[in-house]
Chemist: 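Quick one: the structure is below, questions incoming.
Sequence lines set the chain letters: A, B, ... in the order given, protein chains first and strands last, and positions in each chain run from 1.
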Number of protein chains: 2
Amino acid sequence: MLQTKEIDLHATETYPGTQAVARAIALLKAFSDAQPEWNLTDLAQATGLNKTTAFRLLAALEAERLVMRNPLSGGYRLGVELIAMGGTAMRSNPLRAASRPILVTLAEQCGEAATLELLVESYVLVVDEVASNHPMGMTQDVGNRLPAHATATGKVLLAALPDAQLDAMLPGPLARLTDQTIVDPQRLRAELTQVRQDGFVVASGELEPGFVAVAAPVQDRERQVVAAISVGGPSLRLTPDRLPEIAAMVQMSARQISRQLGYWPG
Amino acid sequence: MLQTKEIDLHATETYPGTQAVARAIALLKAFSDAQPEWNLTDLAQATGLNKTTAFRLLAALEAERLVMRNPLSGGYRLGVELIAMGGTAMRSNPLRAASRPILVTLAEQCGEAATLELLVESYVLVVDEVASNHPMGMTQDVGNRLPAHATATGKVLLAALPDAQLDAMLPGPLARLTDQTIVDPQRLRAELTQVRQDGFVVASGELEPGFVAVAAPVQDRERQVVAAISVGGPSLRLTPDRLPEIAAMVQMSARQISRQLGYWPG
DNA sequence: ATACAATATTTCATAATGTGAAAAGTAGTT
DNA sequence: AACTACTTTTCACATTATGAAATATTGTAT
């Protein structure tokens, strides 16, 4: 920087010689479902960049189709090249490849939708989803982010985090999504302890009312929890008496995927 | 550059002050379904970058999770953040938002899968897909790229290109995907002329044997063709006698979407 | 119409950032 | 143990990215 030597808050351990790239990525990460379009001034402010710098970086991103502009408003949006890259990233994801056949079987056995999800910051990212054969309940969630504390998979993945990292990840109060959402950090921590013991967890109406999911962790050859799978559906079908059976199937499938990744139980 | 002042071939009109970002994006674009994993040396060579530069840029991309590394091979792969960004890009795509309800109706009316696609270089990118209710024929193609010359939507989109751009886009011979694929550029050009007259086009087994699709163009308020929609299914169901009816429905839906975008016929 | 406000874009002097050749490290193989 | 192929670190250097200020553009109120 030339003059305004800003203090590098939330510093993502910036590597030397990559300022411009890191900044360009920060611009891309500013876009979300909640705010899919930005004007230059606001976006520069939100990312802490000089307006000129943001403009230049966005021009580069636009030239490569990673961002596009709304011809009416002049606002910036994510571009089509990102859709293509996202598709490539998803199809080439090794976790997804290893788990897909097992998810298909699981969804079939349970008659409910099965998903593969992993943790990105404090959100879970849906990497794959196999819809149930049931007429209803078809969510098209792949590529979507959901708040970790309100999902079964999220609780499984958070439970695997070291305490220090968990503290950093859940600083403030937890967002309430339904009246069942766990908003008390103490309560969540207790639940995470339980997950570590049980090896699975249920989320009942915590993300959206009437939606129940059961999740279990997937581990790699270093016994690291790298993903979680879940089976979910309406509470009318996923009744309490069915949950033990479902949980067993989810856990078994998770273990199968783990074995695919080189995990060896014992 | 310091010493090796390379000539800027396939120069994508590089803007000043964005070299590093443009190079980082070039690295990301090197990944494909055919080559989802690269080692450093090959990737640097393929992108024409110095190995050290590629390494540094990849480190920055890795820190932000746009690329990940295969722990076994040490190879580079596209990362999970790109899956998330791709999802956001897709869900916030204005074209997709405008066309979704119309695609749903179209798929229902035809009893076949309907898609929204747009041109990215010489490929069509599947931006949305509504599966048919038919038991079979469920392709999970969203985010996928297909060669434009072998698809109905691709022919529609190529037909809208100015001749000069078309020449630049189709320099060499066309890839043969099936025995029905149009591989003769003359033959393709003739077909494109036909599309401009008819306002729709059929691709019959040109992408994969036994798959038939009908496509029509979507235009924006400046009368620019910005996308194409299609209805497709197995040739056993999409028989020649049904095609006129299907074509009419596809064209009507395309016009409806165009009107959503501010297009006014006349 | 005209002035005003808000935002986008261009310019340009400056040095900090990104660069790449060379050296050092790390597997994997014969 | 010596070789090979690859990754990672180091470092001197200047090209490239930077941001304040000026200008252009767009939209809104008067």
Chemist: Over all heavy atoms of both residues, which pair between A/Met68 and A/Leu78 is shortest? Give the atoms and the distance, please.
Modeler: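 Shortest heavy-atom separation between A/Met68 and A/Leu78 comes out as CG-O, 3.6 Å.
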Chemist: Rounding to an integer number of Å, can you tell me how far A/Asn39 CG sits from C/dA8 C1'?
Modeler: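 Roughly 10 Å, once rounded to whole Å.
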Chemist: Could you state the atom-to-atom distance from NZ of B/Lys51 to C1' of C/dT26 in whole Å?
Modeler: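 The answer, rounded to whole Å, is 13 Å.
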Chemist: In whole angstroms, how far is the C1' atom of C/dT7 from the CG atom of A/Leu43?
Modeler: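 That distance rounds to 14 Å.
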Chemist: Just to confirm, is there a sub-4.0 Å distance from OP1 or OP2 of D/dT16 to any side-chain nitrogen or oxygen of B/Arg23?
Modeler: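 So the side-chain polar atoms of B/Arg23 never come under 4.0 Å of the phosphate oxygens OP1 or OP2 of D/dT16.
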Chemist: A/Thr41 near the nucleic acid: base, sugar-phosphate alone, or nothing, with a heavy-atom cut-off under 4.0 Å?
Modeler: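 If one applies the 4.0 Å heavy-atom cut-off, A/Thr41 turns out to touch the sugar-phosphate alone, with no base involved.
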Chemist: Crowded around A/Gln45 CD? As in, over 12 foreign heavy atoms under 6.0 Å?
Modeler: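 It does not: A/Gln45 CD has 12 such atoms or fewer within range.
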Chemist: Testing the basics here: between B/Glu117 and B/Ser230, what is the closest heavy-atom pair and its distance to 0.1 Å?
Modeler: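 Scanning both residues completely, I find the closest heavy atoms to be OE2-OG, 4.0 Å.
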Chemist: Here's one to test your reading of the geometry: is the NZ or CZ of B/Arg69 within 45 degrees of the ring axis of B/Tyr76 and under 6.0 Å from its centre?
Modeler: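 Yes.
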Chemist: Nearest whole angstrom, please: distance from the C1' of D/dT9 to the CZ of B/Phe55.
Modeler: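 In whole Å, D/dT9 C1' lies 8 Å from B/Phe55 CZ.
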Chemist: Examine D/dT18: is either OP1 or OP2 under 4.0 Å from a nitrogen or oxygen in the side chain of A/Gln19? Give yes or no.
Modeler: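 Answer yes for this pair, as a side-chain N or O of A/Gln19 is under 4.0 Å from OP1 or OP2.
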Chemist: Please report, rounded to the nearest Å, how far the P atom of C/dT17 is from the CZ atom of B/Arg56.
Modeler: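 One finds 13 Å between P of C/dT17 and CZ of B/Arg56, rounded.
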Chemist: Picking from D/dT8, C/dA8, C/dG20, which would you name as closest to the side chain of A/Arg69?
Modeler: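 That would be C/dA8.
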Chemist: Assuming nearest nucleotide by heavy-atom distance, tell me which of A/Leu40 and A/Ala20 is located more 5' along DNA chain C.
Modeler: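 By nearest-heavy-atom nucleotide position, the 5'-most residue is A/Leu40.
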Chemist: Tell me the bend of the helix from C/dA1-D/dT30 to C/dT30-D/dA1 as the angle between end helix axes, each from five pairs, rounded to the nearest 10 degrees.
Modeler: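 Between the first-five-pair axis and the last-five-pair axis there is 40°.
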Chemist: Take the protein atom CG of B/Leu57 and the nucleotide atom P of D/dT8, then report the distance between them rounded to whole Å.
Modeler: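 After rounding, the reported distance stands at 14 Å.
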Chemist: Inspect the contact between A/Lys29 and B/Glu64 and indicate whether a charged nitrogen and a carboxylate oxygen are less than 4.0 angstrom apart.
Modeler: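 Yes, charged N to carboxylate O under 4.0 Å.
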Chemist: Considering just the side-chain nitrogens and oxygens of B/Thr53, establish if one lies under 4.0 Å of OP1 or OP2 belonging to C/dT19.
Modeler: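 For C/dT19, OP1/OP2 do not have a side-chain N/O of B/Thr53 under 4.0 Å.
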Chemist: Can you tell me how far C1' of C/dT19 sits from CG of B/Leu49, to the nearest Å?
Modeler: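 To the nearest whole Å, that distance equals 11 Å.
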Chemist: Less than 4.0 Å between a side-chain N and a carboxylate O, is that true for B/Glu81 and A/Arg145?
Modeler: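 Here A/Arg145 pairs with B/Glu81 in a salt bridge, since their nearest N and O are under 4.0 Å apart.
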Chemist: For A/Leu72 and A/Asn50, find the nucleotide of DNA chain D closest to each by heavy atoms; which residue's nucleotide sits nearer the 5' end?
Modeler: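 So the residue in question is A/Asn50.
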Chemist: Checking side-chain polar atoms at under 3.5 Å, does A/Ser73 have a donor or acceptor matched by the opposite partner on A/Glu37?
Modeler: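 Side-chain D/A pair, A/Ser73 to A/Glu37: present.
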